[in-house]
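Working notes for the structure below.
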Amino acid sequence: MRDARFGLLTDRPATFVLVGGRVIDPSDGSDEERDIAVRDGLVVEAADDAERIDASGWVIAPGFCDLHAHLREPGISGAETIASGTRAAAHGGFTTVCAMPNTDPPLDSADAVGAVVAAPASARVRVIAAATRRRAGGELTAVEELGRAGAIGVSDDGAAVPSAALTADLLARLASLGLPLFEHAEDASVAGGGVMRAGPAATRLGLAPWPPEAEVAIVERDIALAEAAHARLHLTHLSTARSLDAVRAAKARGVAVTCDVTPHHLALTDEWVAGSRRFAWEEADPRSELAYDGRCRVNPPLASRDDAMNLLAGVADGAVDAIATDHAPHPAESKLVPFAQAAPGLIGLETALSVGLLTVEAGRLSLSALLAALSTRPAAIVGEKRGLRTGERADLVAFDPAAGWRVDATTLGSASANSPLVDMELPGVVRLTVADGRVTYRT
Ligand code: DOR
């Protein structure tokens, strides 16, 4: 059944005028109240006969670009499809989604990349192809061919490229193509089967600890190798302050390194894995059900409070290039199991803006820094321009920052609902998403 809120990129280009919104465009630093007229998908000076949409109180920004999402097609379409994942994107204000290759089979061939790019969707889908064949970590893929098929980079996300020698070869080949390695920085031998961030909460709960050095070891290895190869390196879903320190130092030396952090590593902490504070004679604490909540299992695991605050400071001062969701849909049953057996990952496309607005409300981030980290800065990493100026193709999100919503599993675009934020009230309601001149979401 077609859900009337959503459109496709193959729909007719739109014509409308957004009247009286606050237009924030990080590409030129502007922040002003003005109308945006769109005719046949193009931003124009005026469109007097067009539908007028009252945007007073709304913020209008360039369409968001997610550098890291799992759309699960081919092969895992019970959890998500390109259609449902890009509906989730449109609902969250995203107009571009970069799809990770850990599908079944993995996206390690030109044909597989081409099929994903060509699928009908409610957001532009860019493919990050597998770095090694079958994502098995043994032999590199034909990265030149994958690039020609449209891949914007490679990754074995879910795991790091295992050996330093293989990573060095890969970076040398990517350097000549100008494509980045999107690295999932985790040394599996150091992580040692840890299921939550090492620290007091893990000790209390008796869960196997995941030491932050597992991440730092690969971050430092890859920066050294990328520097030597003059290659582009993008470190995705960073979760520790020490990783960010290494990125800051590398950037200062001129290394072509960029990084992203997820909303959940900025705003949630390892304490979310634990629960209740009530006595026996008191009413049961509803939060006790949340202890060992499998929906909080994610890789890398939720960070310590210190690390989360450091990463947030990195978004605020620009050292973190982007907020990326690591949208990782899983069926409910894979989370209703003992914590250590729960599939890692949580959905994020539909809550990223709201979680970002929480950080703004908390005074930790400016609205313009948040919007830049969601739109123009990640778009630049994948070579896409964003803009809201006359003559440009309309690509934007309009949201009401003062409105709130309950994260309701039944109205999500995603085919999955694995997030600890489900049923919570969050700020910021997306009203309209326009991708490449087409309305992909409207409510
Ligand atoms: O939590 C995660 N889930 N981390 C990953 O690296 C992979 C992802 C998934 O595919 O579910």
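Indexing begins at 1, ligand by ligand and atom by atom, following the structure's order.
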Going by distance alone, is a donor N or O of one side chain under 3.5 Å from an acceptor N or O of the other, for D25 and S27? yes

Answer yes or no: is there a donor N or O on one side and an acceptor on the other, between the side chain of S419 and the main chain of L346, under 3.5 Å? no

Pair listing, ring-ring contact (aromatic ring centres under 6.0 Å, His included) test, anchored in residues 160-194, at least two apart: F182-H234, H184-H237

Which residues share a side-chain contact (heavy atoms from CB on, under 4.5 Å) with A417, sequence neighbours left out: A409, L412, V422

Protein residues having a heavy atom less than 4.0 Å from any atom of ligand 1: H70, R72, N102, D157, G158, H184, H237, V298, N299, D326, A328, H330, P344, G345

Of all residues at least two apart in sequence or in a different chain, which pass the salt bridge (charged side-chain N to carboxylate O under 4.0 Å, His left out) check with D408? none

Any donor-acceptor N or O pair under 3.5 Å, side chains H330, R72: yes

